[in-house]
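Scroll down for the structure; my scribbles are underneath it.
Every number for a ligand or one of its atoms is a count from 1 in the order of the listing. Keep in mind the model is a prediction, meaning the values are calculated, not measured.
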Amino acid sequence: MFLAFLCGCTPRLGRSSDERVIAAMTLEEKVSLLVGTCKDWNLVPEAAPATRHREPVPEGYWDTYQGNTATMRGKVSGAAGVSYAIPRLGIPSIVLADGPVGLRIDSVCTAFPSTALLAATRDTALVYRVGQAIGKEMRYYGVDILLAPGINIMRNPLCGRNYEYMSSDPLVAGQMAAAYVRGVQSVGVGACVKHFAVNNQETFRNGIDVQVDETVLRDLYLKPFEQVVRDAQPWTIMSAYNKINGVYASENTYLLTNILRGEWGFDGFVMTDWWAEEDPIRMQQAGNDMLMPGTQEQIDTLIAAVRDGRLEETVLDRNLRNILRIIRKCPSFINQGKTNPDNTDLHQMLTAHAALAREAAAKGMVLLKNERALPLAPAPRSIALLGKGSYDTYTGGTGSGAVTKAYKVVLSQALTEQGFTLDTIPEQRYLSHIRHSRSVQPQESAWFMPYVSELKWTKTELRRMAKKNDICVITLQRMAGEGGDRQLVEGDYYLTSVERNMVMDAAETFHAEKKPVVLVLNMGSGIELTDIVPYVDAILMAWLPGQEAGHAITDVLTGSVAPAGKLPMPFYERYADVPSAANFPSSDGDPNKVCYREGLAQPARTLFDIGFGLTY
Ligand code: BGC
C-alpha cells in the first residue's frame with residue numbers, strides 16, 4: 001500500500017503485474033488495445049512527426065532501387081498495422097508487418113525465395129537461418145511481429161497463394177514452418193502463423209463456407225498448425241477470413257479456444273486477418289484477441305456491448321492478458337522505441353542476406369528431369385536463351401507477400417556473368433519486347449505485375465540458333481498472388497500454343513544438331529507439363545526464387561550447387577487427377593460453398609510426386 005503510494009499508484013507494464021495494468025485501464029483503453037489503430041497513425045500517441053532515421057542507399061549496391069527508405073518514429077512506413085499505445089501505463093504500440101518471403105515495408109529488405117521453395121529444401125537448419133535473417137531485418141527497422149509464415153495446405157495447384165505456403169503434406173509444412181518460426185523468434189521478435197484455418201484458396205475467401213469433416217480437418221488442415229504451435233510456440237496466430245462448417249474462423253470458439261489453447265497450449269495472441277468484418281463481439285468471445293487493422297465501428301460496438309451487458313468485460317480482460325504477455329517480449333517494449341538496437345550495419349546485413357537468399361534459392365530448386373543435359377559444360381559456351389522469363393525473371397508473387405527489394409538478378413544477366421555467350425537475336429528481341437510491354441502498362445507494384453506476352457519463334461529461326469549455339473535454355477513463367485486463384489486456361493495452368501510450339505520446335509531443331517534443350521520453370525506452383533516432358537532433356541523447377549533468382553538458377557544449371565530440392569506438392573498428369581478438382585474453388589454451383597469431398601485422398605496419377613527431385 002505504502003509502496004503503491006510512493007510510486008504514484010499508476011501501474012506500468014513490466015513493473016506491475018499485468019492484472020494491475022489491466023485493472024487500471026478505462027474501458028475505452030481496453031477496447032482500443034484490442035482493436036488495431038485503423039491504420040491511423042495519429043492514434044499512436046508516441047508517434048512524432050520527426051524522422052526516426054533515414055538510411056542513405058549505399059552507393060552502387062542498390063542501383064535500381066527507387067523506393068522510400070525512411071522509417072518514422074513509433075511506426076514503420078509500409079507496415080501492415082500497429083497496436084494502440086497507452087503511454088500512461090507504459091504500453092507501447094507494436095508494429096506488425098508482412099512476410100513470408102521477406103519483410104514487407106517501404107524500406108529495402110531482402111526478397112528471399114518463396115516459402116514453397118524453402119519447403120522444397122527440406123532443410124530445417126537453412127529455413128531457420130532464413131527466418132533468423134528476416135528477424136534481424138525486423139529488429140533493424142523496428143518491426144515487432146512478422147505476419148508469417150503462411151502454412152495453409154496446398155490443396156490445389158491453382159491456389160493463388162501457394163507460393164506463400166509450404167506444402168500439400170501436413171508434416172512437411174509443420175516441420176518447415178516450425179523451423180522458420182524458431183528462426184524469426186530466435187532474435188527476439190515474433191512470428192504470426194497464418195491463416196488459421198482452411199484458407200486454401202483465394203476465390204471468395206471472405207465469404208466461403210468450407211465443409212470439412214473432423215478427421216480431415218484435424219489430420220490434414222490443422223496438423224501443420226498444431227506442429228508449429230507445439231514445437232515453436234509462435235507469439236501470434238492470424239485467423240482466416242473464411243467460415244468453417246458454418247462459423248467464421250475468427251468467431252470460432254472451438255478452433256481458437258478449445259483446440260488452439262486448450263489442446264495445443266498456445267499462449268500468444270490471435271489476431272484477425274486484415275479487415276475481417278465479422279461480428280467483433282463474437283470474435284472477442286471466441287478468443288480472437290486483436291482485430292486488425294481495426295475500425296472505429298468495431299471500437300464503438302465493443303464499448304456499447306460492454307455497457308449494455310451483451311459482452312462481459314472479463315472476456316476483454318482475458319484477451320488483454322494474452323496481448324500484454326506478448327507486448328512485454330517485443331522490441332518496442334524492451335527497447336522503448338529505439339530502432340536498430342543491435343547497431344547493425346544495414347549494408348553489411350543486406351549483403352549477407354543476399355548471399356543467404358542465393359544459397360537457399362539454389363538449394364530448393366527441384367530437378368524434375370535430366371537426360372545428360374545438366375550440369376552445363378563449363379563456359380565459354382553459347383546459349384540460345386528463350387522465354388521471356390529468362391530476361392525478366394519473376395522473383396516472387398503479388399500481394400501482401402511482395403517485398404520492397406533493392407534489385408533482382410535475372411537469368412540472362414547471371415549466365416552472362418558466368419561467361420556464357422547468349423545468342424544476341426533472341427536477347428535483343430526479348431529485351432526490347434519486355435521494355436515496350438512494361439512501358440505501356442502501370443508500373444510494377446506489390447499488387448500488379450505488368451503482363452508480357454511470349455514471343456513466337458519460327459522453325460527457320462530456331463534452326464539457325466541450333467546451328468550456332470551449344471544448347472537451348474527456355475524459361476516458362478507464371479505469376480500468381482493474393483486476391484485471386486490461378487485459372488484453368490492457356491497461359492496459366494495450361495501452356496499456350498506459342499509456348500508449346502516454342503518448346504517442341506526447339507526440341508526438334510536442337511536435337512537435329514544433337515544439342516540439348518533445358519526447361520526452367522519460374523512459377524509459384526505447377527502447370528500441366530505432361531505433353532512436353534518427353535521432348536526436353538532437362539527440367540528445373542526454379543519456383544519464385546527471390547532477388548537472387550538468376551544467380552541461383554545459374555548455380556544449379558552449372559552444377560556449382562547440386563540440385564537438392566524435393567517437391568512439396570505433386571505435379572499432376574492431368575488437372576482431373578487433382579483430388580480437389582471437382583470442388584475447387586466451389587461446390588454444387590454455390591460460389592460460397594466449398595466441400596472438401598476428397599477427404600484424405602492421395603492423387604491417383606501424378607507426373608512428379610511429392611518428394612520427387614533428382615540430383616547430379
Ligand atoms: C492477407 C494477410 C496479410 C494481411 C496484412 C491480408 O490481406 O491475407 O496474409 O498478412 O493482409 O497485410
Pull out every atom of ligand 1 sitting under 4.0 Å from any heavy atom of Met238, numbered as shown with elements.
10 (O)

How far is atom 2 (C) of ligand 1 from its nearest protein heavy atom, and which residue and atom name does that atom have?
Asp273 OD1, 3.2 Å

Between Lys194 and Asp273 (salt bridge meaning N to carboxylate O under 4.0 Å), is one present in this structure?
no

Are any of the side-chain nitrogens in Arg230 or Glu263 under 4.0 Å away from the carboxylate oxygens of its partner?
no

Please confirm whether Tyr241 comes under 4.0 Å of ligand 1, counting heavy atoms of the residue only.
yes

Numbered atoms and elements of ligand 1 in range of Arg104, under 4.0 angstrom, heavy atoms:
12 (O)

When Pro585 is tested against each of Asn156, Asn200, Thr203 for side-chain contact (heavy atoms from CB on, under 4.5 Å), which residue passes?
Thr203

Can you sort out which atoms of ligand 1 are near Lys194, meaning under 4.0 Å from one of its heavy atoms?
2 (C), 3 (C), 9 (O), 10 (O)

I'd like to check which ligand 1 atoms, numbered from 1 as shown, lie under 4.0 Å from a non-hydrogen atom of Ala80.
5 (C), 12 (O)

Using a strict cut-off of less than 4.0 Å between a Lys/Arg side-chain nitrogen and an Asp/Glu carboxylate oxygen, indicate whether Arg597 and Asp588 qualify as a salt bridge.
yes

Result for side-chain hydrogen bond (donor to acceptor under 3.5 Å, both in side chains) between Asn152 and one of Arg161, His195, Glu164 points to His195

Under 4.0 Å from a heavy atom of Arg205: which atoms of ligand 1 are those, numbered in the order shown and with their elements?
7 (O), 8 (O)

Using 4.0 Å as the upper bound for N to carboxylate O, is an ion pair formed by Lys243 and Asp209?
no

Side chain, backbone, both or neither: which applies to Glu202 and ligand 1 if a contact is any heavy-atom pair less than 4.0 Å apart?
neither

Do the numbers put Arg155 on top of the ring of Tyr596, so that NZ or CZ is under 6.0 Å from the six-membered ring centre and no more than 45° off the axis?
yes

Of the protein's non-hydrogen atoms, which lies at the shortest distance from atom 7 (O) of ligand 1, and what is that distance?
Glu482 OE2, 2.6 Å

Any nitrogen or oxygen of Asp98 lying under 3.5 Å from a nitrogen or oxygen in ligand 1? Just yes or no.
yes

Out of the candidates Lys136, Glu137, Arg129, only one should pair with His353 under the side-chain hydrogen bond (donor to acceptor under 3.5 Å, both in side chains) rule; please name it.
Glu137

Which ligand 1 atoms are under 4.0 Å away from a heavy-atom of His195?
2 (C), 8 (O), 9 (O)

